[in-house]
Amino acid sequence: MWLLILILLNDVHGLTKTTVLQTYTTAQECQSERNRIGFEMAAAYPYERDFVIACQLDTKHES
């Protein structure tokens, strides 16, 4: 299972915060959605680079 995650880099207390946005069965599905969301957020917040959107393999649920 692939996780689409949002990582906030500059949390109020200087910590990073990771949030799972969605899960996908393939890396390709996850990457496609990551690109779509990334482009939309870049357009909406052009001067803020305090987040990362990434796909990550969930090794805890691998069989």
Side-chain angles (χ1 to χ4, degrees):
M1 176 185 326
W2 286 86
L3 306 174
L4 181 61
I5 59 174
L6 172 66
I7 304 167
L8 297 176
L9 302 173
N10 294 322
D11 192 4
V12 174
H13 303 289
L15 304 171
T16 60
K17 180 179 179 183
T18 302
T19 303
V20 176
L21 301 176
Q22 185 69 27
T23 60
Y24 297 92
T25 56
T26 67
Q28 185 177 7
E29 290 174 325
C30 186
Q31 190 63 35
S32 177
E33 187 65 4
R34 192 225 70 81
N35 291 343
R36 184 188 70 76
I37 292 172
F39 290 132
E40 287 183 12
M41 287 189 72
Y45 305 101
Y47 301 108
E48 295 189 32
R49 301 289 183 217
D50 59 349
F51 61 88
V52 174
I53 302 168
C55 293
Q56 179 176 323
L57 183 61
D58 183 8
T59 57
K60 294 178 187 175
H61 292 95
E62 288 296 299
S63 32

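The first residue of the sequence shown is numbered 1, and numbering continues consecutively from there. The figures that follow rest on heavy atoms only: side chains count, while hydrogens, waters and symmetry mates do not. Please read all numbers here as calculations on a predicted model, not as lab measurements.
Phe51 meets the side chain to side chain contact (heavy atoms under 4.5 Å, CB included) test with Leu6, Leu8, Met41, Ile53; sequence neighbours excluded. Remark: Gln22 pairs with no residue by the side-chain hydrogen bond (donor to acceptor under 3.5 Å, both in side chains) rule, at least two apart or across chains. Looking at residues two or more places apart in sequence or on another chain, you find a side-chain hydrogen bond (donor to acceptor under 3.5 Å, both in side chains) between Glu29 and Thr25, Thr26. Looking at residues two or more places apart in sequence or on another chain, you find a side-chain hydrogen bond (donor to acceptor under 3.5 Å, both in side chains) between Asn35 and Gln31. A search for side-chain hydrogen bond (donor to acceptor under 3.5 Å, both in side chains) contacts involving Thr19 returns nothing, not counting sequence neighbours.
Considering only heavy atoms from C-beta on, Thr23 stays 4.5 Å or farther from Trp2 through its side chain. In this structure, the side chains of Val52 and Leu9 come closer than 4.5 Å at one or more pairs of heavy atoms.
To the nearest 0.5 Å, the span separating CZ on Arg34 from CG on Leu21 amounts to 11.5 Å. For the atom pair Asp50 CG and Thr16 OG1, the distance stands at 12.0 Å (nearest 0.5 Å).
Listed by first and then second residue, the disulfide (SG to SG under 2.5 Å) pairs that reach into residues 14-43 are Cys30-Cys55, sequence neighbours excluded.
For CD of Glu40, the number of neighbouring non-hydrogen atoms (other residues, nucleotides, ligands) closer than 6.0 Å is greater than 12.
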